2 protein chains.
Amino acid sequence: MTENARPGRKRTVGRPPRIAAEQIVDVARRILQEEGVEAVSMRRVAKEVGATPMALYHHVRDKDELLLLTLRGMAATFPRPSLPEDPRDRILTTAVHMHAVLSEVVWVIDVLSLGDLTDKNALWMPEEIIDSAIACGLTPERALHAYRTIWYVVHGALVFHRADTRRAADPDRRPFFPALLTEEDASELPRLTALSADWDELKARYDVAEQLAAVVDGLLGKRG
Amino acid sequence: MTENARPGRKRTVGRPPRIAAEQIVDVARRILQEEGVEAVSMRRVAKEVGATPMALYHHVRDKDELLLLTLRGMAATFPRPSLPEDPRDRILTTAVHMHAVLSEVVWVIDVLSLGDLTDKNALWMPEEIIDSAIACGLTPERALHAYRTIWYVVHGALVFHRADTRRAADPDRRPFFPALLTEEDASELPRLTALSADWDELKARYDVAEQLAAVVDGLLGKRG
DNA sequence: ACCTGAACACCGTTCAAGT
DNA sequence: ACCTGAACACCGTTCAAGT
């Protein structure tokens, strides 16, 4: 948001605005949801909002800022779940919640991977995970690192699931992993060859909650 | 690679090629390395190879294919490390190796996240991890899931480290996480507030090998 | 202060034609 | 078979001018 268009600032002189920053962001968010991040362009948003492309630049600094603004308030639309007592379970529930929320609004992950977290309403999740990890005996530093690792697993599950979905939708998709295994590879790559038979079913059975449970236990050092 | 340009196919008629597919891929790879994925365009590659943009389409199907071809052979340039005896250690060493290799050629991760694995020389790594996980007592299916989770951690570490590097290089970077914490947040987000003081140092101390060790132990079920 | 119009410097890709 | 030229349908952003 540019300096002069910041909400709450009194506008006493000059031409009254014809389009509001919120309108722009709403349109961008709708395109994001309906057609994905690659369908969003300044020109497209401008057209749908009924203005020239350059009008947008009075409300947002550039395209990146517009995309980041679409995230604002998203976390608030999902109710904060009630968490269990046990700190280990609190971590797990929060992590699974992060994944669940983000897989309901798939476009968020696309925007998220190109910028920073801007939504303060989402910060209770790292806070909760770090706090619970400390309650489990980790130092604050180790707790932070553990949070990052958990986030990487959540992020990876979302990103690669999205990539799979896209590929499945692609009409003329190129040959990919299991297809490029030849007979000769069978001896060198026996495990992959064996698994490639029902690759898609196996992939579908990947259970994030289960994996996160194992990861959390590992990070908390609950091992013999 | 288009049907008619496939290497090994005898070309007995027609105009001799002026540019080879390999030239195109080499130029693309150089731009990738020197300026990043967003600097690669069909027009730019064509110019540097001394041809019109459309000449490229005789050797590759589209831009995506060109990018995927740049990965071909990358894994072979890194020697396969000697692995320890213990299967748990083999998993860890392989995972750390994946991370080390990919952080030496940072552009690979950008290309990788938009497509599939095309380099057969890289497949020994999932094979090794899955095989060792089975040796540790996991079923093949659980071993595959464990591999995916490990890959997510490696991928996340690389992607977010790259995002940080980019942001650090950006001259007019926007305010991001620790900066947007206000005094009022301190009570609701005490852990994050406390950690935000030396955020950058903490981030720099994130040790992938250490995290992977914990994750692997969790995935192998080595807990009390 | 807010918006328009024209322009700059790009994209990926298709299609018809040349050698 | 391989390559060119022109064209289509786009991009993000700057700059000068209008109300």
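Since the structure is predicted, the reported quantities are computational estimates derived from the model, not experimental observations. Order of the sequence lines sets the chain letters (A, B, ...), proteins ahead of strands, with each chain counted from 1.
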(request) Please work out whether the ring planes of B/F160 and A/H155 are parallel, tilted or perpendicular, with thresholds of 30° and 60°. (result)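 Because their plane-to-plane angle is over 60°, the rings of B/F160 and A/H155 count as perpendicular.
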Atom pair distance, as rounded to whole Å: [atom1] in [X] and [atom2] in [N]:
X	N	atom1	atom2	answer
A/K47	C/dC3	NZ	C1'	18 Å
A/Y57	C/dA6	OH	C1'	15 Å
A/M42	C/dT4	CE	P	13 Å
B/K63	C/dT13	NZ	C1'	12 Å
A/L56	D/dG12	CG	C1'	11 Å
A/E65	D/dG12	CD	C1'	15 Å
A/R43	C/dC11	CZ	P	15 Å
A/L67	D/dG12	CG	C1'	12 Å

(request) Find which nucleotide of DNA chain D each of A/D62 and B/M54 is nearest to by heavy atoms, and output the residue with the more 5' nucleotide. (result)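 Comparing both residues, the 5'-ward one is B/M54.
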(request) Side chain of B/H58 only, please: which of D/dA1, C/dT4, D/dT13 is the nearest? (result)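 Nearest nucleotide to the side chain: D/dA1.
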(message) On a heavy-atom basis, which atom in A/H59 and which in A/A21 lie closest, and how many Å separate them?
(response)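 For A/H59 versus A/A21, the nearest heavy atoms are ND1-N, 3.8 Å.
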(request) To the nearest 0.5 angstrom, please state how far the CD1 atom of A/I130 sits from the CG atom of B/L189. (result)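 Here the rounded value is 10.0 Å.
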(request) Taking the six-membered ring for Trp and the full ring for Phe, Tyr or His, determine whether the centres of A/H97 and A/W124 are under 6.0 Å apart. (result)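 So the answer is yes for these two rings.
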